[in-house]
Amino acid sequence: MKKNNFISKTKKNLLVFFIILLIWQIIYKIGIFSPIYLPGPVKVFETFCDMVFDGTIFTNLLASLYRVFIGYFLALIVGFFLALFFYLKPKTYPYFSNLLDFLKNIPPLGLIPLLILWLGIGEVSKITIVFMASFFPIFLNIQKGFMVTDSDLIEMARSFSYKDGEIFRKIILPSSLVDIFVGARIGLGYAYRSIIAAEMLAASKGLGYLINFSRLMSRTDKVLVGIFMIGFIGMISDKIFVKFASLFLKGDLKNEWYKSN
């Protein structure tokens with residue numbers, strides 16, 4: 001049954017993909033736009049193959065992936081422990097709530113000029129952008145997961161002489177897994193979005209650099225290759241994440257978001 005559903009879903013996705021390619025090819029053939037601004041899908045595929053053979057696509061891809069995952073995992077770790085700290089020490093949260101709200105509403109990309117001045121154009125500034133972009137979706141969802149834990153279950157555990165560590169491991173953490181994974185999934189998407197913009201402004205390699213440099217050279221085919229690569233890699237990363245999350249959430253009939261893959 002699952003295999004049939006997978007095949008059916010794959011066919012539907014491929015159908016939409018081929019329809020888009022067909023429309024793109026028709027627009028290219030009609031000549032609504034100049035090939036300089038919108039090359040055909042065949043030209044873009046040929047450019048992609050050339051970049052695969054000369055290795056440039058891998059150099060830029062690996063640079064972007066390195067920055068994404070370093071910044072993302074730092075945000076995941078800091079977000080988790082900060083949410084845990086505020087849960088264990090709720091009286092400290094009012095001191096930081098306004099500061100966090102203030103920082104939450106500042107677009108990380110708006111800080112790029114300042115970060116370049118402070119941190120230079122090396123890896124640290126771009127990883128910092130990824131960290132800031134993905135931190136708040138992760139932190140806020142984890143915080144929400146900890147807060148909505150059923151207090152009756154906690155009181156029952158205390159009546160059975162459970163220690164705080166046992167309560168966290170056996171009740172709070174399992175009940176908050178859905179929110180943790182939702183926040184982590186959203187944060188991953190924000191990480192991919194932010195790194196492209198960061199690399200377009202200050203980088204010597206990466207998919208964002210590839211897109212921006214190709215734009216300056218009027219190589220729209222390479223621009224499209226860069227865009228398609230980040231979209232494809234982001235999609236694959238999301239599907240891998242969903243499969244990983246399903247190992248923990250499988251059987252939770254109230255929360256089946258992980259089946260969206």
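All figures in this text were calculated on a predicted structure; none of them were measured in a lab.
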key: Worked check of side-chain contact (heavy atoms from CB on, under 4.5 Å) between Thr220 and Leu38   = CA-CA 7 Å; Thr220 312; Leu38 184 65; 6.0 Å; no

So [Y] and [X], do their side chains get closer than 4.5 Å, heavy atoms only?
X      : Y      : answer
Leu119 : Thr128 : yes
Asn141 : Phe181 : no
Phe69  : Ser237 : yes
Leu74  : Phe135 : no
Leu21  : Gln25  : no
Val223 : Leu210 : no
Tyr93  : Leu100 : yes
Lys104 : Asp101 : yes

inquiry  = I'd like to know whether Tyr37 forms a ring-ring contact (aromatic ring centres under 6.0 Å, His included) with Phe33, so could you lay out the CA-CA distance, the side-chain angles of the two residues, the decisive distance to 0.1 Å, and finally the verdict.
reply    = CA-CA 6 Å; Tyr37 302 115; Phe33 301 101; 8.4 Å; no

Is there a path of hydrophobic side-chain contacts, each under 4.5 Å between heavy atoms, that joins [X] and [Y]?
X      : Y      : value
Phe232 : Ile240 : yes
Leu22  : Val16  : no
Ile211 : Phe213 : no
Met132 : Leu99  : yes
Val42  : Met229 : no

Could you pull out every donor-acceptor pair under 3.5 Å between side chains of residues 45-66 and any protein atom, sequence neighbours left out?
| residue | atom | partner | partner atom | Å |
| --- | --- | --- | --- | --- |
| Thr47 | OG1 | Lys43 | O | 3.0 |
| Thr47 | OG1 | Asp221 | OD2 | 2.7 |
| Asp54 | OD1 | Thr56 | N | 2.9 |
| Asp54 | OD1 | Thr56 | OG1 | 2.8 |
| Thr59 | OG1 | Gly55 | O | 3.2 |
| Asn60 | OD1 | Gly206 | N | 2.9 |
| Asn60 | ND2 | Thr56 | O | 2.8 |
| Ser64 | OG | Asn60 | O | 3.3 |
| Ser64 | OG | Glu199 | OE1 | 2.8 |
| Ser64 | OG | Glu199 | OE2 | 2.9 |
| Ser64 | OG | Leu207 | N | 2.8 |

ask   = Is the number of heavy atoms from other residues, nucleotides or ligands under 6.0 Å of Ile106 CD1 greater than 12?
value = yes

message = Please check if the number of heavy atoms outside Tyr190 that lie under 6.0 Å from its OH is greater than 12.
response = no

Quick one: [atom1] on [X] to [atom2] on [Y], what's the gap to the nearest 0.5 Å?
X      : Y      : atom1 : atom2 : value
Ile70  : Ile195 : CD1   : CD1   : 11.5 Å
Ser176 : Met147 : OG    : CE    : 11.5 Å
Ile233 : Asp238 : CD1   : CG    : 12.5 Å
Phe241 : Ile236 : CZ    : CD1   : 15.5 Å
Phe73  : Leu188 : CZ    : CG    : 8.0 Å
Ile129 : Ser134 : CD1   : OG    : 11.0 Å

query = Which residue pairs pass the ring-ring contact (aromatic ring centres under 6.0 Å, His included) test when at least one of the two sits in residues 10-29, sequence neighbours left out?
reply = Trp24-Phe228

Using every non-hydrogen atom in the two residues, find where [X] and [Y] come nearest and quote the distance to one decimal.
X      : Y      : answer
Arg67  : Lys205 : NH1-O, 2.8 Å
Pro137 : Ile186 : CB-CG2, 3.8 Å
Ile138 : Ala184 : CG1-CA, 4.0 Å
Ala191 : Tyr72  : CB-CB, 4.3 Å
Ile142 : Ala83  : CG2-CB, 3.6 Å

ask   = How would you list, by chain and number, every residue that makes a side chain to side chain contact (heavy atoms under 4.5 Å, CB included) with Leu216, sequence neighbours excluded?
value = Asn212

query = What is the ring orientation for Phe146 with Tyr87, classed by angle as parallel under 30°, tilted 30 to 60°, or perpendicular over 60°?
reply = tilted

request  = Decide side-chain contact (heavy atoms from CB on, under 4.5 Å) for Leu82 and Phe86; before the verdict, give the C-alpha distance in whole Å, the side-chain angles of both, and the deciding distance to 0.1 Å.
outcome  = CA-CA 6 Å; Leu82 187 61; Phe86 286 138; 3.6 Å; yes

N/O donor-acceptor pair under 3.5 Å between Ser125 side chain and Leu115 backbone = no

